[in-house]
Amino acid sequence: MIEKAQFSNHLFHPKFWLLWFFAGLARLTLLLPLDKQMKIGASIGRLIKKLISRRVKIAQRNLELCFPNMPAAEQTQLLERNVEEIGKAIFDIANAWWWSDEKVQRHMTIKGREHIDKTLSEGHGIVLFAVHCLPLEMGARIFGQFHPGVGVYRPHKNPAMEYMQVKGRLRSNKALVPKRDLRQMVRCLRKSEVIWYTADQDFGRSSATFVPFFAMPDAATITGASTLARLGKAKVLPFSVVRNADDKGYTIEILPPLDDFPTKDEVADAKRGNSIIEQIINKERAQYMWLHRRFKTRPDPDSPSVYK
């Protein structure tokens with residue numbers, strides 16, 4: 001479990017200078033009002049569209065697979081908005097990592113805090129069931145204003161980026177746990193901690209079942225939420241964050257604990273989890289991370305990729 005960002009003189013090496021330079025530029029943008037940041041972010045998204053063309057094609061394919069009945073013009077419009085949201089997410093991350101608590105509080109709305117308070121008062125740990133939406137970093141920072149939790153994260157290969165990531169995320173979390181450290185997550189839950197967890201990406205065939213996700217009938221879906229809730233004797237509470245339509249603030253919402261979860265049927269649990277994920281995404285589809293290859297793992301290993 002990581003409770004402090006570790007800095008070393010090695011991070012002054014010239015190979016990291018460009019990253020530090022862009023981090024410095026990002027910090028300068030904190031002087032701008034949020035809606036001005038978002039206008040710049042939308043422009044950045046449109047500018048980098050060609051640079052991330054492969055990912056944009058993946059996002060387009062995901063929209064085709066998930067919403068086959070959506071008119072082509074509407075899919076194109078959603079894709080264009082999603083590209084703009086990718087640019088805006090740069091500033092969401094900067095704000096989450098470097099805004100003061102006072103500034104965060106001026107731009108946040110919280111719904112459902114009572115569900116957290118009640119669940120913890122009953123002695124349960126909490127699995128916050130979230131999705132990979134683009135403003136997720138701000139969601140964690142806002143949640144940390146009233147109850148810092150334990151973040152589940154993937155360590156970055158770049159040491160300088162890893163340092164910034166850990167330092168930034170510890171602004172809103174007591175500690176961070178690598179995503180593969182199940183034992184540590186369970187320990188935290190049994191101590192009535194709050195754990196962030198996402199189950200909306202394709203992590204391969206291991207520990208996954210194939211269940212519907214929007215219009216796709218067989219998306220590889222991990223069953224980790226069931227495992228964590230069972231082993232950690234915890235409650236699972238759906239969590240969402242959206243950037244408000246006027247680009248002037250963020251809203252997080254926590255729903256009540258899921259009844260009768262987990263069950264003895266992990267497939268049924270996974271189906272229920274994906275249904276909840278769909279509801280969260282539908283709050284603001286353009287702010288979801290569609291550029292992930294959500295359907296790269298197929299039930300038949302020999303079947304062709306849906307992305308070719």
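Reckoned from all heavy atoms, side chains included, excluding hydrogens, waters and symmetry mates. Note that the structure is a prediction, hence the values are computed from the model and not measured.
Under the 4.5 Å side-chain heavy-atom criterion for grouping Ile, Leu, Val, Met, Phe, Trp and Tyr, Val56 is not connected to Leu47 through any hydrophobic cluster. Connection of Val211 to Phe261 is not established within any shared hydrophobic cluster, with ILVMFWY side chains joined at heavy-atom distances below 4.5 Å, either directly or through further cluster members. Criterion: ILVMFWY side-chain heavy atoms under 4.5 Å apart, direct or through other members. Under it, Met289 and Val242 are not part of a common hydrophobic cluster. Under the 4.5 Å side-chain heavy-atom criterion for ILVMFWY residues, no single connected hydrophobic cluster contains both Phe203 and Tyr153. The hydrophobic cluster containing Ile52 also contains Leu63, counting ILVMFWY residues as joined when their side-chain heavy atoms lie under 4.5 angstrom apart, directly or transitively.
Two residues are said to be in side-chain contact when any heavy atoms from C-beta on lie closer than 4.5 Å; Ile86 and Leu291 meet this criterion. Trp290 is not listed as a side-chain neighbour of Leu79, based on a closest heavy-atom distance of 4.5 Å or more. You'll find the side chain of Leu228 reaches within 4.5 Å of the side chain of Leu182, heavy atoms only. A 4.5 Å side-chain heavy-atom check between Lys36 and Lys39 finds at least one atom pair inside the cut-off. The shortest side-chain heavy-atom distance between Leu255 and Ile276 does not fall under the 4.5 Å cut-off. Contact of the Met164 side chain with the Leu19 side chain is registered, since non-hydrogen atoms from C-beta on lie closer than 4.5 Å. Residues Leu134 and Asn82 meet the side-chain proximity criterion, which asks for heavy atoms closer than 4.5 Å. Between Glu137 and Asp92 there is no side-chain heavy-atom pair separated by less than 4.5 Å.
Of the possible donor and acceptor atoms, one in the side chain of Asn282 sits under 3.5 Å from a partner among the backbone N and O of Glu278. A donor-acceptor distance shorter than 3.5 angstrom exists from the side chain of Asn173 to the backbone of Arg169, with no hydrogens or angles considered. The backbone N or O of Leu11 lies less than 3.5 Å from a partner atom in the side chain of Trp20, making a donor-acceptor pair. Without hydrogens or angle criteria, Tyr307 side chain to Lys57 main chain gives no donor-acceptor distance under 3.5 Å. A side-chain donor-acceptor contact under 3.5 Å links Glu162 to the backbone of His156. A distance-only check finds no donor-acceptor pair linking the side chain of Lys174 to the backbone of Glu193 [under 3.5 Å]. The backbone N or O of Leu120 sits nowhere less than 3.5 Å from a side-chain atom of Ser192 that would complete a donor-acceptor pair. Although no hydrogens or angles enter the test, the distance criterion places no donor-acceptor pair under 3.5 Å between the side chain of Arg46 and the main chain of Gly87. Between the Asp202 side chain and the Ala219 main chain, no donor and acceptor come within less than 3.5 Å of each other. With hydrogens and angles disregarded, a donor-acceptor distance shorter than 3.5 Å links the side chain of Arg61 to the backbone of Val306.
Side-chain polar atoms of Glu80 and Gln77 form no donor-acceptor pair below 3.5 angstrom. Side-chain contact annotation: Gln75 with Glu64, donor-acceptor N/O pair under 3.5 Å absent. Between the side chains of Arg171 and Ser100, no donor N or O sits under 3.5 Å from an acceptor N or O. A donor-acceptor contact closer than 3.5 angstrom is absent between the side chains of Lys235 and Thr119. Side-chain contact check for Arg272 and Ser275: no donor-acceptor pair (N or O, by modelled atom type) lies under 3.5 Å. A donor-acceptor contact under 3.5 angstrom links the side chains of Tyr288 and Asp200, judged on distance only.
A salt bridge is defined here as a Lys NZ or Arg NE, NH1 or NH2 lying under 4.0 Å from an Asp or Glu carboxylate O, and Glu122 with Lys118 meets this definition. The residues Arg141 and Asp101 are annotated as salt-bridged, a charged nitrogen and a carboxylate oxygen being separated by less than 4.0 angstrom. One finds a salt bridge joining Arg113 and Asp117 here, because a Lys/Arg side-chain nitrogen approaches an Asp/Glu carboxylate oxygen to under 4.0 Å.
Proximity of the aromatic rings of Tyr197 and Phe239 is defined here by a centroid distance below 6.0 angstrom, and this criterion is not met.
Minimum heavy-atom separation, Leu34 to Gly249: CD2-N, 3.4 Å. Between Val83 and Gly45, the closest heavy-atom pair is CG1-O, 3.0 Å. Counting all heavy atoms, side chain and backbone alike, Pro212 lies closest to Asn274 at O-ND2, 3.0 Å.
Remark: Ile110 CD1 to Ile116 CD1 distance equals 10.5 Å, nearest 0.5 Å. Rounding to the nearest 0.5 angstrom, the gap separating the CG atom in Leu170 from the CG atom in Leu176 is 4.5 Å. Summarising the geometry, atom CD1 belonging to Ile195 is positioned 9.5 Å from atom CG belonging to Leu128; distances are rounded to the nearest 0.5 Å. The CD1 atom of Ile252 sits 6.0 Å away from atom CD1 of Ile142, with the distance rounded to the nearest 0.5 Å. Taken from CG in Asn244 to CG in Asp35, the straight-line distance is 11.5 Å, to the nearest 0.5 Å. Taken from NE2 in His147 to CD1 in Ile254, the straight-line distance is 11.0 Å, to the nearest 0.5 Å.
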Val241 and Phe143: CA distance, side-chain angles, deciding distance, side chain to side chain contact (heavy atoms under 4.5 Å, CB included) verdict: CA-CA 10 Å; Val241 55; Phe143 187 88; over 6 Å; no
CA sep, side-chain torsions, deciding dist, call: Phe214, Ile281, side chain to side chain contact (heavy atoms under 4.5 Å, CB included): CA-CA 10 Å; Phe214 286 110; Ile281 292 172; 3.9 Å; yes
Chi angles and distances behind the side chain to side chain contact (heavy atoms under 4.5 Å, CB included) call for Arg190, Arg187: CA-CA 5 Å; Arg190 291 195 173 187; Arg187 287 174 181 168; 6.0 Å; no
Residues Lys88, Glu85; criterion salt bridge (charged side-chain N to carboxylate O under 4.0 Å, His left out); working and verdict: CA-CA 5 Å; Lys88 292 179 181 182; Glu85 294 293 336; 3.6 Å; yes
Working for side chain to side chain contact (heavy atoms under 4.5 Å, CB included), residues Thr209 and Glu266: CA-CA 8 Å; Thr209 187; Glu266 287 193 336; over 6 Å; no
Arg298 and Asp218: CA distance, side-chain angles, deciding distance, salt bridge (charged side-chain N to carboxylate O under 4.0 Å, His left out) verdict: CA-CA 7 Å; Arg298 309 310 304 133; Asp218 48 14; 2.6 Å; yes
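When each of Leu32, Asp247, Leu31 is checked for a side-chain contact (heavy atoms from CB on, under 4.5 Å) with Gln37, only Leu32 meets the rule. Screening Trp17, Tyr163, Phe7 for a ring pair (Phe, Tyr, Trp, His ring centres under 6.0 Å) with Phe12, the sole residue that qualifies is Phe7.
His10 and His13 have tilted rings, their planes meeting at an angle from 30° to 60° on a 0 to 90° scale.
Both the sub-6.0 Å distance and the 45° axial angle are not jointly satisfied by Arg243 relative to the ring of Phe91.
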